[in-house]
Number of protein chains: 2
Amino acid sequence: MGVREDEKDRIPSHPDVGTVTLQQVLEALVDPVRRKIVSALYAADDDLRCGTFDLPVSKSTATHHFHVLRDSGLIRQYYVGTSRMNTLRRKEIERRFPGLLAAVVGPGREV
Amino acid sequence: MGVREDEKDRIPSHPDVGTVTLQQVLEALVDPVRRKIVSALYAADDDLRCGTFDLPVSKSTATHHFHVLRDSGLIRQYYVGTSRMNTLRRKEIERRFPGLLAAVVGPGREV
DNA sequence: CCCTTAGTTCGGTCGCCATCAAACTTCGAT
DNA sequence: ATCGAAGTTTGATGGCGACCGAACTAAGGG
């Protein structure tokens, strides 16, 4: 396992969740498109490719949303071939903002 | 007890929390000024006058924020003399969005 | 009755953010 | 070596929301 050395360069930097503010996370989660992404990851309990989300926006806008989610510490991204995989940073977020994910994208939450 | 009949007209309408969407509540809570208001009400566990919040904005802007909070079902307002009192609709919100208030404005949350 | 206190309403400005199309990159497959 | 698939980057646009000041209203006190 492990990522090939030359893959690393394509992986954008991820923040330490400890440095992320509540303001940042809320700003990320307030957008319905981004909340749909996080909801899907939360429900799937598995990594998902960017293409699998069926978002109501163009690809460039989707890229923007993934970028915001990454910067806010909510997701981690890595490449598999030409696909970008997304991981919900569940445990880290839960430790820093207990109960937040469940309250916002947990089961039974409306879209 | 009870509110005088002619007081009623000065009280703006409050939505049924059941009809409020998660989107609305998140949009209300994403603003730091509004979150400061809700945090104070949450911590005080009592009704507070509009003037007691020490907000970093003008009075007209503060009015705007209280209006948004009212429309989102987070607070209830009523008059006492020339003062407007604010009540956090804690139980109703908790029933509709379990864990949300605690996660966003609960004890230990950063500003 | 006048003044103060507390907050609202109105009109307008400004900045940010979601959005898109177009051109580009990178990989895998043919 | 070419093509298609997947996503990025860039530049531009549009709309919404936070903000303010000024004028206003409503209640209570002197």
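Residue numbers start from 1 in every chain, and the chains themselves are labelled A, B, ... in the order their sequence lines are given, proteins ahead of strands. Quantities reported herein were computed from a predicted structural model and do not represent experimental measurements.
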- [ ] Between protein and nucleotides 2-9 of chain C, map the contacts as a letter string: B base, S sugar-phosphate only, - none, heavy atoms under 4.0 Å, written 5' to 3'.
- [x] ---BBBBB
Could you state the atom-to-atom distance from [atom1] of [X] to [atom2] of [N] in whole Å?
X        : N       : atom1 : atom2 : answer
Glu27(A) : dG17(D) : CD    : C1'   : 13 Å
Asp71(A) : dC17(C) : CG    : P     : 12 Å
Leu55(A) : dA6(D)  : CG    : C1'   : 14 Å
Asp31(A) : dG15(D) : CG    : C1'   : 14 Å

TODO: Determine whether Val104(A) and Leu26(A) make a side-chain contact, defined as any pair of heavy atoms from C-beta on separated by less than 4.5 Å.
DONE: no
Counterpart residues, salt bridge (charged side-chain N to carboxylate O under 4.0 Å, His left out), relative to [X] (two or more places apart):
X        : answer
Asp46(B) : none
Arg70(B) : none
Glu92(A) : Arg76(A), Arg89(A)

With the criterion being N/O to N/O and under 3.5 Å, what pairs connect the protein with nucleotides 11-15 of chain C, and how long is each?
none

Considering only distance and modelled atom types, tabulate donor-acceptor pairs under 3.5 Å from the side chains of residues 11-18 of chain A, sequence neighbours left out.
from: His14(A); atom 1: ND1; to: Pro12(A); atom 2: O; distance (Å): 3.2
from: His14(A); atom 1: NE2; to: Gln77(A); atom 2: N; distance (Å): 2.8
from: Asp16(A); atom 1: OD1; to: Gly18(A); atom 2: N; distance (Å): 2.9

Task: Arg95(A): partners by side-chain hydrogen bond (donor to acceptor under 3.5 Å, both in side chains), with sequence neighbours left out - done: none
Task: Residues in side-chain hydrogen bond (donor to acceptor under 3.5 Å, both in side chains) contact with Thr61(B), at least two apart in sequence or another chain - done: Ser58(B)
Open item on the list: Can you list everything that forms a ring pair (Phe, Tyr, Trp, His ring centres under 6.0 Å) with Phe66(B)? Sequence neighbours excluded, please.
Closed with: Phe53(B)
